[in-house]
Amino acid sequence: MMMTRTVYVNGQYVPENEATISIFDRGFTFADGVYEVTSVIKGGLVDFDGHMARLKRSLRELSIALPHSIEESKNAHHQLVTLTKLDEGVIYLQISRGASDRDFPFPDGAMPTMIMFTQEKSLIDAPAAKTGIKVISVEDIRWARRDIKSVGLLAPVLAKQAAKEAGCQDAWLYQDGYVTEGSSNNAYIVTEDDVIVTRQLSNDILHGITRHAVLDLAREKGMTIEERPFTIDEALNAKEAFVTSASTFVYPVIEIDQQSIGNGTPGPVATRLRELYIENALANLS
Ligand code: PMP
């Protein structure tokens, strides 16, 4: 029997094959919308408040109204976890400006569209956490407001496809010679002196919720952090490299452009930060 997931569309919980939105939805025609991905472990939400704070910020930057209060959104997340019996995976939430005849300026009176769905995914025991991932470097051709979590994701789609064709799992994006971030995660290196380096927050990168949590944990443990740009060359000569995101937590990066990082296996800093992050997430589920 085909399994159909229950998904959320504008306040309704419906089987995925009965879920519909308008072909005039501006999320579809203009990528005029934003999204969040929240991970679920043991049926609980990880970093939920952070994801909702960023959602509100993304919507505000685009003058899209939040269709439901954060409390209602939280209930909807829990409801979907229950209806889909999700133990471990992610919840995708998207809000677009809504449907209207195709015209560029904001339409009058359009109601934002909100959809949510779940995807099962192994997070705590993800194989890539043990093996590490291989990445290629790709020029960052995205727009100038990467701090907004827009659904306009064609550049990362092309970057991930290029990575796949090169036999790798992801791409690190660079601009003016410096790494901005991974195609769907924040990027880090560990220097010879055990300093964790990651690009500082600006409009050039997404302000990762996992980044925030991981850097807090690293600071708590007395690790040294430098928030500054670094080059692919510096990364190639680093002791370690890794990425963070809601759907990966922390993944070690063992190879960039076919060159091994450190000894080519997951390093102790990435491994430790992953453990700390999971321990902290489990103790603070919403
Ligand atoms: N950068 C980009 C471009 C991303 O798509 C993501 C994943 N949403 C991240 C960073 C990591 O953000 P988070 O830790 O909030 O998932």
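Counting starts at 1 for both ligands and their atoms, following the listed order.
Counting only residues at least two apart or on different chains, the ring-ring contact (aromatic ring centres under 6.0 Å, His included) pairs with a member in residues 255-278 are Phe249-Tyr277.
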Between the protein and ligand 1, are there any N or O atom pairs that come within less than 3.5 Å of each other, and if so, what are their names and distances?
residue, atom, partner, partner atom, Å
ligand 1, 1 (N), Glu181, OE1, 2.6
ligand 1, 8 (N), Lys149, NZ, 2.4
ligand 1, 14 (O), Ile209, N, 3.4
ligand 1, 14 (O), Thr210, N, 3.0
ligand 1, 14 (O), Thr210, OG1, 2.6
ligand 1, 15 (O), Arg54, NH1, 2.8
ligand 1, 15 (O), Arg54, NH2, 2.9
ligand 1, 15 (O), Ile209, N, 2.8
ligand 1, 16 (O), Ala246, N, 2.9

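A salt bridge links Glu181 with Arg142: at least one charged nitrogen is closer than 4.0 Å to a carboxylate oxygen. A salt bridge does not link Asp87 with Lys85: none of the charged nitrogens is closer than 4.0 Å to a carboxylate oxygen. Salt bridge present: Glu275 and Arg272 bring a charged side-chain N and a carboxylate O closer than 4.0 Å.
Through chains of ILVMFWY side-chain contacts below 4.5 Å, Ile70 is grouped with Tyr8, Tyr13, Val34, Val40, Leu45, Phe48, Met52, Leu55, Leu59, Leu62, Ile64, Leu66, Leu80, Val81, Leu83, Leu86, Ile91, Leu93, Ile95, Met114, Met116, Trp143, Ile148.
With sequence neighbours excluded, no residue satisfies salt bridge (charged side-chain N to carboxylate O under 4.0 Å, His left out) with Arg102.
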